[in-house]
Amino acid sequence: VQLQASGGGLVQTGGSLRLSCAASGRTSSGHGFSRLFMGWFRQAQGKGREFVAAISRDGTRRDYIESVQGRFTVSRDNAKNMVYLQMNSLKSEDTAVYYCAATPGIITAPLTREERGYDNWGQGTLVTVSS
(Lines give C-alpha, C1' and ligand atoms only; values in the text may rest on other atoms or scores of the structure.)
Protein backbone atom coordinates (compact mmCIF):
# COMPACT_ATOMS: atom_id res chain seq x y z
CA VAL A 1 0.00 0.00 0.00
CA GLN A 2 1.26 3.49 -0.85
CA LEU A 3 0.71 6.44 1.46
CA GLN A 4 0.83 10.09 0.43
CA ALA A 5 0.73 12.75 3.14
CA SER A 6 -0.13 16.35 2.37
CA GLY A 7 -1.41 19.54 3.95
CA GLY A 8 1.68 20.76 5.72
CA GLY A 9 2.81 24.35 5.62
CA LEU A 10 3.71 27.45 7.58
CA VAL A 11 1.27 28.62 10.25
CA GLN A 12 1.43 31.01 13.15
CA THR A 13 1.25 29.95 16.76
CA GLY A 14 -2.35 29.25 17.67
CA GLY A 15 -3.32 28.49 14.11
CA SER A 16 -4.68 25.32 12.55
CA LEU A 17 -3.75 22.89 9.82
CA ARG A 18 -5.36 19.75 8.49
CA LEU A 19 -3.09 17.01 7.28
CA SER A 20 -4.34 14.37 4.89
CA CYS A 21 -3.00 10.96 4.04
CA ALA A 22 -4.18 9.20 0.91
CA ALA A 23 -3.78 5.46 0.65
CA SER A 24 -3.69 3.51 -2.57
CA GLY A 25 -3.19 -0.08 -3.50
CA ARG A 26 -3.28 -3.08 -1.23
CA THR A 27 -0.92 -4.73 1.17
CA SER A 28 1.12 -7.76 0.17
CA SER A 29 -1.54 -9.91 1.77
CA GLY A 30 -4.30 -8.18 -0.21
CA HIS A 31 -5.74 -5.97 2.49
CA GLY A 32 -7.50 -2.75 1.51
CA PHE A 33 -7.60 0.52 3.40
CA SER A 34 -10.45 -0.42 5.71
CA ARG A 35 -8.31 -3.22 7.13
CA LEU A 36 -5.44 -0.87 7.99
CA PHE A 37 -4.66 0.50 11.42
CA MET A 38 -3.37 4.02 10.81
CA GLY A 39 -0.94 6.21 12.70
CA TRP A 40 0.62 9.64 12.54
CA PHE A 41 4.17 10.25 13.64
CA ARG A 42 6.39 13.31 13.53
CA GLN A 43 10.06 14.08 13.50
CA ALA A 44 11.47 17.42 14.54
CA GLN A 45 14.86 18.49 13.27
CA GLY A 46 17.62 16.75 15.18
CA LYS A 47 15.23 14.45 17.03
CA GLY A 48 13.87 10.98 16.62
CA ARG A 49 10.48 10.14 15.21
CA GLU A 50 7.69 10.22 17.77
CA PHE A 51 4.15 8.96 17.87
CA VAL A 52 1.39 11.55 17.52
CA ALA A 53 -1.93 9.80 16.99
CA ALA A 54 -3.49 6.55 15.84
CA ILE A 55 -6.91 5.37 14.74
CA SER A 56 -8.40 1.92 14.53
CA ARG A 57 -9.73 0.32 11.37
CA ASP A 58 -13.31 1.38 11.96
CA GLY A 59 -12.41 4.73 13.48
CA THR A 60 -13.95 3.99 16.85
CA ARG A 61 -10.69 3.93 18.80
CA ARG A 62 -8.22 6.77 18.84
CA ASP A 63 -5.04 7.40 20.72
CA TYR A 64 -2.95 10.53 21.12
CA ILE A 65 0.35 11.49 22.61
CA GLU A 66 -0.29 13.53 25.72
CA SER A 67 1.16 16.75 24.32
CA VAL A 68 -1.49 16.96 21.58
CA GLN A 69 -4.49 15.77 23.57
CA GLY A 70 -7.37 18.21 23.15
CA ARG A 71 -5.68 20.00 20.24
CA PHE A 72 -5.33 17.32 17.55
CA THR A 73 -8.02 15.04 16.14
CA VAL A 74 -7.38 11.99 13.99
CA SER A 75 -10.13 10.73 11.70
CA ARG A 76 -10.56 8.55 8.65
CA ASP A 77 -12.88 8.06 5.71
CA ASN A 78 -12.71 4.46 4.58
CA ALA A 79 -14.85 5.18 1.53
CA LYS A 80 -12.21 7.62 0.31
CA ASN A 81 -9.14 5.76 1.57
CA MET A 82 -8.14 8.80 3.58
CA VAL A 83 -6.94 9.54 7.08
CA TYR A 84 -6.74 13.05 8.51
CA LEU A 85 -5.04 14.89 11.33
CA GLN A 86 -6.76 18.11 12.33
CA MET A 87 -4.30 20.22 14.29
CA ASN A 88 -5.57 23.20 16.28
CA SER A 89 -3.91 25.60 18.72
CA LEU A 90 -0.56 24.84 17.15
CA LYS A 91 2.59 25.51 19.13
CA SER A 92 6.17 26.01 18.04
CA GLU A 93 7.02 22.60 19.46
CA ASP A 94 4.65 21.03 16.92
CA THR A 95 7.07 21.98 14.16
CA ALA A 96 8.16 18.76 12.48
CA VAL A 97 7.84 16.55 9.45
CA TYR A 98 4.64 14.55 9.86
CA TYR A 99 4.33 11.00 8.56
CA CYS A 100 1.36 8.73 8.17
CA ALA A 101 1.84 5.04 8.68
CA ALA A 102 -0.22 1.91 8.28
CA THR A 103 -0.32 -1.70 9.27
CA PRO A 104 -2.72 -4.49 8.38
CA GLY A 105 -1.86 -6.27 11.56
CA ILE A 106 -3.87 -6.33 14.72
CA ILE A 107 -1.76 -4.30 17.07
CA THR A 108 -2.39 -3.04 20.55
CA ALA A 109 -0.72 -0.65 22.90
CA PRO A 110 2.10 -0.01 23.34
CA LEU A 111 2.91 -1.19 19.83
CA THR A 112 0.39 1.28 18.35
CA ARG A 113 2.70 4.03 19.55
CA GLU A 114 5.90 2.55 18.16
CA GLU A 115 7.43 2.75 14.68
CA ARG A 116 7.99 -1.01 14.60
CA GLY A 117 4.24 -1.52 14.80
CA TYR A 118 3.77 -0.16 11.27
CA ASP A 119 4.70 -1.68 7.92
CA ASN A 120 4.00 1.13 5.48
CA TRP A 121 5.05 4.78 5.61
CA GLY A 122 4.31 7.90 3.61
CA GLN A 123 6.92 10.44 2.57
CA GLY A 124 6.12 13.09 5.19
CA THR A 125 4.82 16.63 5.08
CA LEU A 126 6.50 19.56 6.82
CA VAL A 127 4.63 21.60 9.39
CA THR A 128 6.27 24.81 10.57
CA VAL A 129 4.73 26.81 13.39
CA SER A 130 6.14 30.30 13.77
CA SER A 131 5.80 32.52 16.81
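What you see is a predicted model, and the numbers here were worked out from it, not measured in a lab. In what follows, every heavy atom counts, from backbone to side chain, and hydrogens, waters and symmetry copies are set aside.
- Contact annotation: the side chain of D94 approaches that of R71 to within less than 4.5 Å [non-hydrogen atoms, C-beta and beyond].
- Taking every heavy atom of both residues into account, A102 and L36 meet most closely at CB-CD1, 4.0 Å.
- When all heavy atoms of L111 and Y118 are compared, the closest pair comes out as O-CE1, 4.2 Å.
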Start with the C-alpha distance between V74 and Y84, add both sets of side-chain angles, then the distance that settles side chain to side chain contact (heavy atoms under 4.5 Å, CB included), and finish with yes or no.
-> CA-CA 6 Å; V74 60; Y84 306 99; over 6 Å; no
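- To the nearest 0.5 Å, the span separating OG on S16 from CZ on R18 amounts to 12.0 Å.
- Here the side chain of T95 pairs a donor or acceptor atom with the backbone of V129 at under 3.5 angstrom.
- Minimum heavy-atom separation, I107 to G117: CD1-O, 3.7 Å.
- Inter-residue side-chain proximity for I106 and R57 is flagged as met; some heavy-atom pair is nearer than 4.5 Å.
- Side-chain contact between T125 and L19: present, with at least one pair of heavy atoms (C-beta onward) separated by less than 4.5 Å.
- Note that CE of M38 is 9.5 Å distant from CE of M82, once rounded to the nearest 0.5 Å.
- Heavy-atom minimum distance, A5 versus Q123: O-NE2, 2.9 Å.
- Using a 4.5 Å heavy-atom threshold, the side chains of M87 and V127 count as touching.
- The list of salt bridge (Lys or Arg N to Asp or Glu O under 4.0 Å) pairs with a residue in residues 105-114, not counting sequence neighbours, reads D63-R113, E66-R113, E114-R116.
- Rounded to the nearest 0.5 Å, atoms CD (Q69) and OH (Y64) are 7.5 Å apart.
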R62/T73 under side chain to side chain contact (heavy atoms under 4.5 Å, CB included): CA gap, chis, key distance, verdict | CA-CA 9 Å; R62 301 170 185 176; T73 303; 4.0 Å; yes
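- The number of heavy-atom neighbours closer than 6.0 Å to CD of Q12, taken from other residues, nucleotides and ligands shown, is 12 or below.
- Here the shortest heavy-atom pairing between C21 and L3 reads SG-CB, 4.0 Å.
- Counting heavy atoms from C-beta outward, D119 and P104 have side chains that approach closer than 4.5 Å.
- Residue V83 comes nearest to F33 through the heavy atom pair N-CZ, 4.2 Å, listed as atom of the first residue, atom of the second, then distance.
- Under the 6.0 Å distance and 45° angle rule, R42 does not count as a cation-pi partner of Y99.
- Taken to the nearest 0.5 Å, the CD atom of Q45 stands 9.5 Å off from the OG1 atom of T128.
- Taken to the nearest 0.5 Å, the NZ atom of K91 stands 14.0 Å off from the OG atom of S131.
- Atom CG in L10 sits 9.0 Å away from atom CG in L126 (nearest 0.5 Å).
- Contact annotation: the side chain of E50 approaches that of I65 to within less than 4.5 Å [non-hydrogen atoms, C-beta and beyond].
- Taking the six-membered ring where the residue is Trp, the centroids of F72 and W40 are separated by 6.0 Å or more.
- Aromatic ring centres of F41 and F51: separated by under 6.0 Å.
- Classification of R76 and D58 as a salt-bridged pair fails, no side-chain N sitting under 4.0 Å from a carboxylate O.
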